[in-house]
Amino acid sequence: VQLQASGGGLVQAGGSLRLSCAARNFNSDYYTIGWFRQAPGKEREGVTCIGSRDGSALYADSVKGRFTISRDRAKNTVYLQMNSLKPEDTAVYYCATDFERDCSWPLLKYYSGMDYWGKGTLVTVSS
């Protein structure tokens, strides 16, 4: 099982980026995928997740209305569209999958239980 996150970069405040989380050696359709981030000097936090059954998603309050998570089943990839970026969105972003739990607030909060993690991709938002 592998997850590969990409798409990070440097963007000005107000700009947009789209992160990709490509799944390898398993069908990500059947499992919850979450995006997490860790800013310098801060703890990792849950940003959003998308469930396997109905594709329902949850968003942290800090990104609600600005970020959108989606699946491309043909590409076995989950995307994170980030709009109206703010300097406080600067962080390393990670995608992860959980083979047991559905997308939920406990999953976003207790991220240490995620089964597999991809390497992070750095997002830097300049003011």
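Everything numeric here is computed off the predicted structure, so don't read it as measured data.
You'll find the side chain of Val123 reaches within 4.5 Å of the side chain of Leu17, heavy atoms only. Contact check for Leu108 versus Cys49: side-chain heavy atoms found under the 4.5 Å cut-off. Using a 4.5 Å heavy-atom threshold, the side chains of Ser70 and Gln81 count as separate. Using a 4.5 Å cut-off on side-chain heavy atoms (C-beta onward), Ile33 and Thr97 make contact.
Residues Leu10 and Ser126 come closest through the heavy atom pair CD1-CB, 4.4 Å. Ala57 and Ile69 make their closest contact through CB-CG2, 3.6 Å (heavy atoms, listed as atom of the first residue, atom of the second, distance). Nearest heavy atoms, Thr77 versus Ser20: CG2-CB, 4.2 Å. Residues Cys21 and Trp35 approach most closely at CB-CZ2, 3.5 Å, considering heavy atoms. Considering all non-hydrogen atoms of both residues, Ser127 and Pro87 come closest at CB-CG, 3.9 Å.
A chain of hydrophobic side-chain contacts below 4.5 Å, direct or via other Ile, Leu, Val, Met, Phe, Trp or Tyr residues, connects Leu3 to Tyr31. Under the 4.5 Å side-chain contact rule for hydrophobic residues, Tyr79 and Tyr116 do not share a cluster. Tracing side-chain contacts under 4.5 Å through hydrophobic residues (I, L, V, M, F, W, Y), one reaches Leu85 starting from Val47; they form part of the same cluster. By the rule that hydrophobic residues join a cluster once side-chain heavy atoms approach within less than 4.5 Å of another member, Val78 and Leu107 end up as members of separate clusters. Taking hydrophobic clusters as Ile, Leu, Val, Met, Phe, Trp and Tyr residues chained together by side-chain heavy-atom distances below 4.5 Å, Tyr111 shares a cluster with Leu58.
Residue Phe67 is tested with Asn83, Leu19, Thr48, Leu80 for a side chain to side chain contact (heavy atoms under 4.5 Å, CB included); the sole match is Leu80.
With hydrogens and angles disregarded, no donor-acceptor distance shorter than 3.5 Å links the side chain of Tyr94 to the backbone of Gly34. Looking only at distances, no side-chain donor or acceptor of Arg44 sits under 3.5 Å from a matching main-chain atom of Ser112. The backbone N or O of Ser84 lies less than 3.5 Å from a partner atom in the side chain of Arg66, making a donor-acceptor pair.
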- request: Could you give me the CA-CA distance, side-chain angles and deciding distance for Lys109 and Glu45, then say whether side-chain contact (heavy atoms from CB on, under 4.5 Å) is met?
  value: CA-CA 7 Å; Lys109 183 176 180 180; Glu45 63 174 349; over 6 Å; no
Steps toward side-chain contact (heavy atoms from CB on, under 4.5 Å) verdict (Val125, Thr90): CA-CA 5 Å; Val125 184; Thr90 294; 3.8 Å; yes
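For the pair Arg37 and Tyr93, the cation-pi criterion (under 6.0 Å, within 45° of the ring axis) is not fulfilled.
Remark: Thr124 OG1 to Asp89 CG distance equals 11.0 Å, nearest 0.5 Å. Here the CZ-OG distance, from Arg18 to Ser6, works out to 9.0 Å after rounding to the nearest 0.5 Å. One distance of note links SG of Cys95 with CD1 of Ile50; it measures 13.0 Å at 0.5 Å rounding.
One finds a salt bridge joining Lys64 and Asp61 here, because a Lys/Arg side-chain nitrogen approaches an Asp/Glu carboxylate oxygen to under 4.0 Å.
Between the side chains of Asp98 and Thr32, no donor-acceptor pair of N or O atoms lies under 3.5 Å. A side-chain donor from one of Ser28 and Asn76 sits under 3.5 Å from a side-chain acceptor of the other.
Qualifying ring pair (Phe, Tyr, Trp, His ring centres under 6.0 Å) partners for Trp117, counting only residues two or more places apart in sequence or in other chains: Phe36.
Close placement of the Phe99 and Phe26 rings is indicated, their centers lying within 6.0 Å of each other.
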